[in-house]
Amino acid sequence: MNSKLGQNGRLTRIWLKFLIVPILITGIFFRFTNLDRKVYSYDESITSLRISGYTWTEMVQQDFQGKPVSVAYLLAKYQQINPEKSLFDTVKGLATEEPQLPPLYFILARFWAQLFGPTVAAVRSLSAWISLLVFPSVYWLCWELFKSTSVGWMAVAIMAVSPFHVLYAQEARPYMLFTVIVLLSSAILLRAIALTSSPVNSKFTSVAWCIYAIAITFGLYTNLLFSLVSIAHAVYLIIIDKLRFSKTTIFYLLAATAGTISFAPWIVVLFVNSQQVDKTVGFPHLSVAFLSLFKPLILITCRVFIDTHWAGGILDFGLRNRLTDLIRIIAAGLLLLTIAYSIYWLCRCTPKRVWLFVLSAIGITVIVLIAVKGIADRYIIAYTLGIQLAAAYLFATKISFATNNRKQKLWKLGFIALISMQIISCTVSSQSQLWWNKYPSSTKYNPAIAKIVNQSQKPLIVSHGGNNITGKILSLSYLLKPQVQFLLVVKPNLVKIPEGFSDVFLYRATESLLFELEQVQNYQIQPIYKPGDVWLWHLEKYKD
C-alpha cells in the first residue's frame, strides 16, 4: 500500500512539473500583456504624483487658478520625475498627505521611473516584475509548512494564473510587494522556528531571526496591514508554545521589537499626521454588524479563482437570465464548498503546527477587518494567500494519495477545471479597459468622456474642487489628446471662460459651479453624458 502511495506521489510530481511549465508561461504572459490597456486609475495617478515629488496641495495651489493648462503640461509636471523635486519630496508628500501609505514601494517606483520612464506600462511593470517573486516565495513557504514539493508546485500553479494576483501584478500600487513580503516573512519565520527547535545548535539560528526582523521592517514600510500578519505570527507562536516563555518566543519578541523600532520614524509620522489619516481614509470604528460584511467577503473569495466580469461578478459573461443566474449560483456554491473542504482537509490531515499557521493567517486578517468594516480586496491579501495554500494542499494530496485511479482522475479534472477557469478569467480581463480593481466609481466613465472630448476640435474642460478632484483629473488626462486644455479652479467665482475654444465642457461639476455659470454668468448648460449622475456637461452660449 505504502509503495503504491509513494508511486502515486512520484507520478503526481512528474505530472505537475510537466503541467507547471505552460501554466507558469501563461501566468507570466498575462502579467506583462496589455500593461497599458486598462485605465490608469485614480490611485495609480496618485502614485505617479508621488513619484513626481509634487503633492495634491501644490497642484491645487499652482494650477487651480482659473488659467487654461494643457493635458501635456499636467502629465509632464505631475506624472513624471521633475528635476526640481527629489526623493525627499516623494517621502514628504506621503508623510503629510497620505501617512497611511508607508514609503518603501513609492521609493522603489521613483527609482524605477528614473530607469525606465514614466509611461503607464513602465510604471506598472514594477509590480509585474515583483509579482514573479511570488513563485519562489510560495514554493519555499510550502516546503517549510508541508515538506512537500507537490504542494509547492500546486501552489505555484494556482497563483500563477490567479486572476486576483494577475490584476494586482498590473497595478501601480504596493500590493504585489506586500504579497511577496507576506510569503517571504512567513517562510523565514518557519525556518527560524525550525532552527531554534533543532536539538543541534546552529550558527544560522540568530541569522534567521535577524532576517525575520528585517522582513518585519520591510513589511511595515510597505503596508500598515503587515501588522496583522505580525499579530497572526504572534498568535501562532503563543498557541504552539502553549504560553511558555520558550527560546523561540524570546527570539520572536526580539525580532518583532527590532522590526517595530526600525519602523518608529513612520510611527511618529502617523502620530503627528493622525488628523490627515482620519481625513483621508477615516479611522475604523468597531461594529457588530458582521453579517453585512460576509457578502463582499464571499464575493472576494470567489473571484480569487473565478473573475469574468469588470464589476467582479462570478462567471458573468454578459448574459442575464434565470439559467445563467442559476449557473452562477451553482458555480459559486461549488467553489465555496471546495474552499471550505480544503480548510477542513488541511485541519484533518496536517499536524497542528501546519494548519494553525494557515488558519491564523486567514482568521486574524478577516476577524480584524470585519470588526472595523474594512473588507476590501486589497486589504485581505493574507487571507487570500491562506485559502490558496489550503486549496493547493487539497489538490496535491488528493491527487497524490488517491486510493484508486478513478478518484485520482476526478481530482485531476477538478484541478484542470479550476486552472482553466482562472485562465479564462485572466483572458477576459486582459482585453478589458475597465475592471473592478480600477475603482470604477472614479474611472468607469472616463473612456466615454474622453471619447466625447477628443472629438472636439479645440476643447476646454472646466472643473472645480480641491485635493479630492486632482486624482480624477490626472486619471482622465491619460485618455485625452495632449492639446486638450483644462481650466481648474478652487472657487467657482474664479471661472472666466476664455475665447477661442470650439467646445467648453464641465467635468464633474459641483452645484456651486453650475449655479455660478447658469445664474450668475448666464450660460446655458446642457448635460451630455449622464450614465446615472451627470459626469459631463456642455457649456452653451449666453442665455438670451
Side-chain angles (χ1 to χ4, degrees), residues 35-82 84-85 89-90 93-94 96-98 101 105-106 109-110 112-113 117-124 126-127 170-174 280 433-434 437-454 459-490 505-510 535-536:
L35 265 173
D36 57 352
R37 184 176 181 84
K38 289 183 175 61
V39 295
Y40 207 55
S41 69
Y42 179 101
D43 276 7
E44 288 179 303
S45 67
I46 298 302
T47 293
S48 290
L49 181 66
R50 300 302 170 210
I51 290 172
S52 77
Y54 280 98
T55 63
W56 297 329
T57 304
E58 287 175 317
M59 181 177 172
V60 170
Q61 289 175 345
Q62 295 179 24
D63 290 302
F64 278 60
Q65 301 303 317
K67 296 181 180 179
V69 292
S70 69
V71 165
Y73 166 83
L74 289 176
L75 294 179
K77 185 174 183 179
Y78 298 113
Q79 297 290 280
Q80 56 186 276
I81 295 172
N82 291 280
E84 64 271 18
K85 295 291 183 178
D89 293 301
T90 293
L94 286 165
T96 56
E97 293 190 335
E98 294 185 286
L101 297 177
Y105 168 80
F106 298 92
R110 182 179 171 91
W112 191 265
T119 64
V120 170
V123 176
R124 284 176 173 168
L126 172 60
S127 294
Q170 294 193 327
E171 184 93 358
R173 298 295 280 179
T280 305
Q433 195 175 18
L434 293 164
N437 63 316
K438 298 303 179 185
Y439 305 95
S441 61
S442 60
T443 59
K444 177 168 58 174
Y445 305 118
N446 281 355
I449 291 169
K451 186 177 180 180
I452 294 171
V453 174
N454 286 335
L460 175 70
I461 302 176
V462 180
S463 193
H464 157 245
N467 292 349
N468 62 320
I469 197 69
T470 54
K472 294 182 177 69
I473 294 296
L474 292 172
S475 175
L476 176 62
S477 295
Y478 282 91
L479 301 172
L480 297 171
K481 294 179 180 178
Q483 64 270 23
V484 173
Q485 300 279 311
F486 277 101
L487 194 151
L488 307 170
V489 294
V490 178
F505 301 97
L506 306 183
Y507 174 71
R508 298 299 288 160
T510 59
W535 278 68
L536 195 68

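Numbering of residues begins at 1 and proceeds along the displayed sequence.
Within the 4.5 Å cutoff, the side chain of Tyr478 has no heavy atoms near those of the Asn446 side chain. Residues Ile461 and Leu480 meet the side-chain proximity criterion, which asks for heavy atoms closer than 4.5 Å. Looking at heavy atoms from C-beta onward, Ile46 lies in side-chain contact with Trp56 at the 4.5 angstrom threshold. The side-chain heavy atoms of Leu479 and Gln433, taken from C-beta on, include a pair separated by under 4.5 Å. Side chains of Thr55 and Arg50 form a contact here, defined as non-hydrogen atoms less than 4.5 Å apart. With a 4.5 Å cut-off on side-chain heavy atoms, Leu49 and Gln79 count as touching. Contact check for Ser41 versus Glu171: side-chain heavy atoms found under the 4.5 Å cut-off. Val453 is not listed as a side-chain neighbour of Tyr507, based on a closest heavy-atom distance of 4.5 Å or more.
We find the CG-CD1 distance between Leu474 and Ile469 to be 10.0 Å, quoted to the nearest 0.5 Å. For the atom pair Leu476 CG and Ile473 CD1, the distance stands at 6.5 Å (nearest 0.5 Å). Separation of atoms OG1 (Thr119) and CG (Leu75) is listed at 12.0 Å; rounding is to 0.5 Å. Atom CG of Leu487 sits about 14.5 Å away from atom CZ of Phe505, to the nearest 0.5 Å. To the nearest 0.5 angstrom, Tyr445 atom OH is 13.5 Å from Leu536 atom CG. Interatomic distance, CG of Asp63 versus OH of Tyr73, reported as 3.5 Å (0.5 Å rounding).
Listed by chain and number, the residues in a ring-ring contact (aromatic ring centres under 6.0 Å, His included) with Tyr54 are Tyr78 (sequence neighbours excluded). Remark: Arg173 engages Asp43 in a salt bridge (charged side-chain N to carboxylate O under 4.0 Å, His left out) (not counting sequence neighbours).
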Q: Carefully, step by step, assess Ile51 and Ile81 under the rule side chain to side chain contact (heavy atoms under 4.5 Å, CB included).
A: CA-CA 6 Å; Ile51 290 172; Ile81 295 172; 3.7 Å; yes

Q: Apply side chain to side chain contact (heavy atoms under 4.5 Å, CB included) to Lys438 and Glu44, showing your working.
A: CA-CA 9 Å; Lys438 298 303 179 185; Glu44 288 179 303; 3.1 Å; yes

Q: Check the pair Val490, His464 against side chain to side chain contact (heavy atoms under 4.5 Å, CB included), reporting the backbone distance first and the verdict last.
A: CA-CA 6 Å; Val490 178; His464 157 245; 5.6 Å; no

(Q) Show, in sequence, the C-alpha distance, side-chain angles and deciding distance for Leu74 and Met59, and conclude whether the side chain to side chain contact (heavy atoms under 4.5 Å, CB included) test is met. (A) CA-CA 9 Å; Leu74 289 176; Met59 181 177 172; 4.2 Å; yes

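The heavy-atom pair separating Thr443 from Tyr42 by the smallest distance is CG2-N, 3.7 Å. For Pro482 against Ser70, the heavy-atom pair with the smallest separation is O-CB, 3.8 Å. Nearest heavy atoms, Gly53 versus Arg110: N-NH1, 4.2 Å. For the pair Gly117 and Val123, the tightest heavy-atom approach, listed with the atom from each and the gap, is O-CG2, 4.2 Å. Looking at every heavy atom in both residues, Thr47 comes nearest to Ala172 through OG1-O, 2.8 Å.
Tested against Phe486 for a side-chain contact (heavy atoms from CB on, under 4.5 Å), the candidates Val462, Leu460, Val71 yield a single pass: Val71. With respect to Tyr40, the side chain to side chain donor-acceptor pair (under 3.5 Å) criterion is satisfied by exactly one of Ser48, Ser477, Ser475, Ser45: Ser48.
In this structure, Arg124 is not positioned above the aromatic face of Trp112 in the sense of NZ or CZ being under 6.0 Å from the six-membered ring centre and within 45° of the axis.
For the pair Ser463 (side chain) and Leu488 (backbone), a donor-acceptor distance under 3.5 Å is absent. For the pair Asn82 (side chain) and Gln80 (backbone), a donor-acceptor distance under 3.5 Å is present. No donor-acceptor pair under 3.5 Å is formed between the side chain of Gln170 and the backbone N or O of Arg37.
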